[in-house]
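Below is one structure, written out as structure tokens; the observations come after it.
We use all heavy atoms of the structure for the numbers below, so side chains are in, but hydrogens, waters and symmetry mates are not. None of these values were measured; they are calculated from a predicted model.
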Amino acid sequence: MSDTKSIVVIGAGQAGATLVQRLRELGFDGALTLIGAEPYLPYQRPPLSKAYLLGDMDLDGLTLRPQDFYDGHDITLKLGTAVSAIDKEAQTVTVDHEVLSYDHLALTTGSDPIRLPEALGGHLPGVHVVRGLADIEVLEPEIQPNRRVLIVGGGYIGLEAAAVCAKRGLDVTLVEAADRILQRVASKETSNYFRALHESHGVKLLEGCKLAHFVGGERVTGALLDDGTMLEADFVICGIGIRPATALAQMAELTLDNGIKTDGFARTSDPHIWAAGDCASFPYKETRIRLESVGNAIDQAKIIAENIIADLNDTAPKAYAAKPWFWSDQYDVKLQIAGLNSGYDRIVTRHSGKAKSFWYYKGDLLLAIDAMNDPRAYMVGKRLIEAGKTADPAVVADPESDLKALMKRG
């Protein structure tokens with residue numbers, strides 16, 4: 001393969017790191033540059049709100065590859081710097097006053113945390129988000145026994161932060177505006193499971209409670225709810241969602257649709273620009289989705305690498321077939337999720353000892369599974385979903401049944 005070709009990847013997270021590695025594995029020997037806004041080597045993001053914040057993982061454990069890997073594979077890293085311009089006509093990227101030419105450009109820019117506006121006190125000192133290493137470096141010193149923390153948002157990030165704080169001896173209150181925690185992503189059965197889990201660890205959950213604004217002068221001291229309730233706090237963690245990072249795509253005048261719009265091959269509206277990870281939306285079955293998960297970031301990045309090589313070799317590209325899966329660690333519970341539960345009309349519960357799983361069906365079709373401390377159920381459910389097969393609800397509900405037998409059925 002000619003070394004005259006040049007590929008630039010913007011975004012040094014899981015997708016970007018996977019993409020440059022895979023390109024070298026596939027034999028690309030041209031110029032390869034990975035640009036990251038953060039000053040750190042590419043690292044895993046999910047453990048930030050779990051093992052890393054808890055102190056069970058250090059920076060070396062978080063880092064995906066050491067510097068030697070990038071040096072040994074002739075991958076140029078430009079970290080702690082921002083892209084100031086993309087010229088898709090000239091096929092150039094400007095970074096730190098340097099203009100880089102590219103034959104192919106990939107945007108793996110990830111997502112940004114949603115912050116409450118300054119008018120509501122969202123920028124007060126002591127109000128934190130959990131998204132990057134810099135966020136954790138500022139937050140970690142706050143997490144001391146007997147301090148009062150207010151967590152805003154009952155999604156997975158908020159619940160994981162609540163679990164860490166509770167385990168470290170803090171007084172934890174969590175406020176969720178929706179009627180129940182996890183309402184956007186899970187069934188009421190899963191919500192009930194995690195509500196009971198957190199309450200058993202002393203977390204005070206306030207569901208259906210909307211935040212009016214934070215209070216404080218030089219620093220946050222609490223929050224006022226819209227019903228007039230005042231909650232005192234020594235610090236706040238906001239976990240109210242993320243937005244796809246699309247500023248560079250807008251700069252390049254790429255088509256946007258719930259993130260950077262890509263086709264079935266992970267290519268954007270420009271034939272020389274690709275996108276993967278949290279920032280990208282793509283066709284999925286009869287709709288278009290954006291998946292905020294490590295699995296999607298890795299798999300999509302690998303497809304882009306294969307399709308760039310195919311483009312350079314003038315061969316057919318490979319379509320991206322997403323296989324959604326997620327996980328969350330809270331206390332001694334590992335939640336593993338496979339599939340997407342959109343459109344489900346019934347839940348089948350399997351309960352065996354400390355293991356529990358909720359299976360989502362639409363009619364007779366198995367859509368997704370939430371498995372708590374039940375890796376066997378998760379693996380069986382995941383394989384069935386990915387194979388387009390279903391699972392007999394009677395077998396699923398019977399704790400004495402052998403789930404592996406489901407794999408042998410048509």
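The 12-atom threshold is not exceeded at CD of E218, counting heavy atoms of other residues, nucleotides or ligands nearer than 6.0 Å. K204 NZ: more than 12 foreign heavy atoms inside a 6.0 Å radius. Heavy-atom contacts from other residues, nucleotides or ligands closer than 6.0 Å to CD of Q67 number more than 12. The number of heavy-atom neighbours closer than 6.0 Å to CD of E140, taken from other residues, nucleotides and ligands shown, is above 12. Counting heavy atoms of neighbouring residues, nucleotides and ligands inside a 6.0 Å radius, atom CZ of R376 does not exceed 12 of them. For CZ of R219, the number of neighbouring non-hydrogen atoms (other residues, nucleotides, ligands) closer than 6.0 Å is greater than 12.
With hydrogens and angles ignored, the 3.5 Å screen pairs a side-chain donor or acceptor of Q91 with a backbone N or O of Y102. A donor-acceptor pair under 3.5 Å is absent between the side-chain atoms of D179 and the main chain of G208, judged by distance alone. Listed for the D96 side chain is no donor-acceptor partner under 3.5 Å among the backbone atoms of T81. Although no hydrogens or angles enter the test, the distance criterion places a donor-acceptor pair under 3.5 Å between the side chain of E207 and the main chain of I181. One N or O on the side chain of R288 and one on the backbone of S281 form a donor-acceptor pair closer than 3.5 Å. A side-chain donor-acceptor contact under 3.5 Å links T390 to the backbone of D364. Remark: side-chain polar atoms of D370 are not paired, donor with acceptor, to backbone N or O of T190 under 3.5 angstrom. Counting only distance, with no hydrogens or angles, the side chain of R180 and the backbone of S187 share a donor-acceptor pair below 3.5 Å. Using modelled atom types, one side-chain atom of R350 and one backbone atom of V396 make a donor-acceptor pair closer than 3.5 Å. Checking side-chain atoms of D226 against main-chain N and O of A212 turns up no donor-acceptor pair under 3.5 Å.
Taking all atoms of both residues into account, the shortest heavy-atom contact from S401 to V395 is OG-O, 2.5 Å. Residues F235 and I143 come closest through the heavy atom pair CZ-CG1, 4.1 Å. Scanning all heavy atoms of the two residues, the minimum distance from A186 to N341 falls at CA-ND2, 3.9 Å. Shortest non-hydrogen contact noted between V172 and C165 is CG2-CB, 3.7 Å. The two residues A368 and I385 have their closest heavy-atom pair at CA-CD1, 3.5 Å. Considering every non-hydrogen atom in both V138 and P141, the closest pair reads O-CD, 3.4 Å.
Partner L48 forms a side-chain contact (heavy atoms from CB on, under 4.5 Å) with one of L139, L53, I157, L62 and no other, that one being L62.
With sequence neighbours excluded, the residues forming a side-chain contact (heavy atoms from CB on, under 4.5 Å) with A178 are E176, Q183, listed by chain and number. By the ring-ring contact (aromatic ring centres under 6.0 Å, His included) test, Y52 pairs with no residue at all, sequence neighbours left out. The salt bridge (charged side-chain N to carboxylate O under 4.0 Å, His left out) search around K78 returns E98, not counting sequence neighbours. For F69, the ring-ring contact (aromatic ring centres under 6.0 Å, His included) criterion is met by H73, not counting sequence neighbours. Checked against side-chain contact (heavy atoms from CB on, under 4.5 Å), T63 has the following partners two or more places apart in sequence or in another chain: L41, L59. Residues meeting the ring-ring contact (aromatic ring centres under 6.0 Å, His included) test with Y360, sequence neighbours left out: Y344. Qualifying salt bridge (charged side-chain N to carboxylate O under 4.0 Å, His left out) partners for E160, counting only residues two or more places apart in sequence or in other chains: K50. A search for ring-ring contact (aromatic ring centres under 6.0 Å, His included) contacts involving Y331 returns H198, H201, not counting sequence neighbours. Partners of R267 according to the side-chain contact (heavy atoms from CB on, under 4.5 Å) rule, which considers only residues two or more places apart in sequence or in another chain, are D263, P271, W274, D311.
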Going by atom type alone, with no hydrogens or angles, which donor-acceptor pairs under 3.5 Å involve a side-chain atom of residues 244-261 and a protein atom two or more places apart or on another chain?
| residue | atom | partner | partner atom | Å |
| --- | --- | --- | --- | --- |
| T255 | OG1 | S269 | OG | 3.4 |
| N258 | OD1 | R290 | NE | 3.4 |

For residues 120-133, tabulate all N or O donor-acceptor pairs below 3.5 Å that involve a side-chain atom, not counting sequence neighbours.
| residue | atom | partner | partner atom | Å |
| --- | --- | --- | --- | --- |
| H128 | NE2 | E142 | OE2 | 2.7 |
| R131 | NH2 | S111 | OG | 2.5 |
| R131 | NH2 | D278 | OD2 | 2.7 |

Give the table of side-chain donor-acceptor pairs shorter than 3.5 Å for residues 332-340, with sequence neighbours excluded, one pair per line with atom names and distance.
| residue | atom | partner | partner atom | Å |
| --- | --- | --- | --- | --- |
| K334 | NZ | D329 | OD1 | 2.8 |
| K334 | NZ | D329 | OD2 | 3.4 |

Next item on the list: Begin from the C-alpha positions of I289 and S342 and carry the test side-chain contact (heavy atoms from CB on, under 4.5 Å) through to its verdict.
Entry: CA-CA 11 Å; I289 64 172; S342 301; over 6 Å; no
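Taking CG of L23 as the start and OG1 of T18 as the end, the distance is 11.0 Å to the nearest 0.5 Å. Distance check, rounded to the nearest 0.5 Å: NZ of K404 to CE of M379 gives 10.0 Å. Taking CE of M230 as the reference point, atom CG of L225 lies at 9.0 Å (rounded to 0.5 Å). Between the CD1 atom in I298 and the CZ atom in R22 there is a gap of 12.5 Å [rounded to 0.5 Å]. One distance of note links CD1 of I240 with CD1 of I237; it measures 13.0 Å at 0.5 Å rounding. Here CG of D103 is found 8.0 Å from NE2 of H272. Values are rounded to the nearest 0.5 Å.
Side-chain contact between Q44 and V294: absent, with no pair of heavy atoms (C-beta onward) separated by less than 4.5 Å. Residues K389 and L366 are not in side-chain contact: their nearest non-hydrogen atoms beyond the backbone lie 4.5 Å or more apart. Counting heavy atoms from C-beta on, the side chains of I303 and F282 never come closer than 4.5 Å. Side-chain contact between S49 and Y156 is absent, with no heavy-atom pair separated by less than 4.5 Å.
Between R148 and D234 there is a salt bridge, since a side-chain N of the basic residue sits under 4.0 Å from a carboxylate O of the acidic one. Residues K382 and E386 are paired through a salt bridge, judged by an N-O separation under 4.0 Å between the basic side chain and the carboxylate.
Side-chain contact of T268 with D270: a donor-acceptor pair under 3.5 Å is absent, judged by distance alone.
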